[in-house]
Amino acid sequence: MLKGFKDFLIRGNVIDLAVGIIMGTAFTAVVTALVQSVLMPAISMLFQFPNFDSFLVFGQIKIGVFLTAVVNFLLIATAVYFAVVLPVQKLNERVTRNRVEEIEETELTLLKEIRDSLAKK
């Protein structure tokens with residue numbers, strides 16, 4: 001019974017998941033700092049509000065709080081896209097292009113060898 005539990009914990013999927021969660025948590029702190037310390041202050045300079053929490057308040061209905069959350073979400077999505085997604089896509093394209101070139105070179109070499117072998121016969 002303990003062996004099965006040990007195998008479960010050591011299996012690659014669980015370790016990968018744990019590393020992913022830890023890295024996600026660390027990255028969340030970086031993105032949150034970027035949004036709260038850089039992007040939102042820049043936006044607040046344009047609108048003269050540190051955030052939109054006090055904007056459009058009707059009694060207990062605070063539309064500004066929702067607006068702040070939406071703006072934060074859009075800023076985070078933009079930061080993640082340009083800081084993570086786009087560079088990873090470019091890296092994957094470069095790696096894929098290199099692999100295709102290597103495969104094409106290997107195929108060409110093999111075809112030349114086959115041609116030379118047939119020419120000798």
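Predicted model, so just to flag it, every value in this text is computed and none were measured.
Following chains of ILVMFWY side-chain contacts shorter than 4.5 Å, one can reach Val71 starting from Val38, so the two form part of one hydrophobic cluster. Hydrophobic clustering, with ILVMFWY side chains joined whenever heavy atoms are under 4.5 angstrom apart, keeps Val30 apart from Phe82. Two different hydrophobic clusters hold Val65 and Leu67 under the rule that ILVMFWY side chains link at heavy-atom gaps under 4.5 Å.
Among the candidates Leu91, Asn92, Leu86, the single residue satisfying the side-chain contact (heavy atoms from CB on, under 4.5 Å) test with Gln89 is Leu86.
Distance OG1/Thr78 to CG/Leu34: 10.0 Å, rounded to 0.5 Å. Taking NZ of Lys120 as the reference point, atom CG of Leu118 lies at 11.0 Å (rounded to 0.5 Å). Residue Thr28 holds its OG1 atom at 11.5 Å from CD1 of Ile21, rounded to the nearest 0.5 Å.
Nearest heavy atom pair, residue Pro41 against residue Ser37, reads CG-O, 3.4 Å.
The hydrophobic cluster containing Phe73 also includes Phe66, Val70, Leu74, under a criterion of side-chain heavy atoms closer than 4.5 Å among ILVMFWY residues, counted directly or through chains of members.
In this structure Glu113 satisfies the side chain to side chain contact (heavy atoms under 4.5 Å, CB included) test together with Thr109, Leu110, sequence neighbours excluded.
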